[in-house]
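Have a look at the structure below before the remarks.
Here, residue 1 is the first one in the sequence, and each next residue gets the next number. Computed from a predicted model, the values in this text were never measured in an experiment.
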Amino acid sequence: MFYLIGLLIGIVIASVVYTLNRKASFKWYDWVMGVVILGLLSVGTQHLMSSLAGFETSAAWFGFALFAGLAVILAGVEWRLLSTRSKTA
């Protein structure tokens with residue numbers, strides 16, 4: 001489980017470094033949404049692993065779909081905000 005969370009955090013850090021090197025402009029709410037997205041993915045992964053360890057497969061996948069689905073929706077909104085901001089600049 002710690003491997004998956006570490007991998008997720010590493011991907012996020014690499015993405016942030018890549019976008020900062022491209023001179024993208026971030027607002028304060030971009031950082032807040034990024035932390036919320038990372039938190040939702042971490043909670044979803046934790047819920048999945050712990051529920052599978054407790055032999056609750058349907059609860060595991062339902063909880064993971066809930067948390068990861070919210071994270072994907074927020075990531076899409078954030079991507080849309082960043083892409084429109086970069087087009088106008």
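Leu74 and Trp79 fall into different hydrophobic clusters, defined by Ile, Leu, Val, Met, Phe, Trp and Tyr side-chain heavy atoms under 4.5 Å apart, directly or through other members. Cluster membership check: Val35 does not share its hydrophobic cluster with Val17, using side-chain heavy-atom separations under 4.5 Å among Ile, Leu, Val, Met, Phe, Trp and Tyr. Following chains of ILVMFWY side-chain contacts shorter than 4.5 Å, one cannot reach Val32 starting from Val72, and the two form parts of different hydrophobic clusters. Note: the hydrophobic cluster containing Val12 also contains Val77 (ILVMFWY, side chain heavy atoms under 4.5 Å, direct or indirect links). Follow the hydrophobic side-chain contacts under 4.5 Å out from Val36 and you never reach Ile73; the two are in separate clusters.
Atom CG of residue Leu40 and atom CD1 of residue Ile37 lie 8.0 Å apart, to the nearest 0.5 angstrom. Interatomic distance, Ser58 OG to Glu56 CD, rounded to the nearest 0.5 Å: 6.5 Å.
Applying the 4.5 Å side-chain rule to ILVMFWY residues, one finds Leu48, Leu52, Phe64 in the same cluster as Trp61.
With sequence neighbours left out, the side-chain contact (heavy atoms from CB on, under 4.5 Å) criterion links Ile11 to Leu7, Ser15.
In terms of modelled atom types and a separation under 3.5 Å, the side chain of His47 and the main chain of Phe62 share no donor-acceptor contact.
In this structure, Leu81 and Met33 approach most closely via the heavy-atom pair CD1-SD, 4.5 Å.
Residue pairs meeting the side chain to side chain donor-acceptor pair (under 3.5 Å) criterion with at least one member in residues 26-41, sequence neighbours excluded, are Tyr29-Arg85, Asp30-Arg85.
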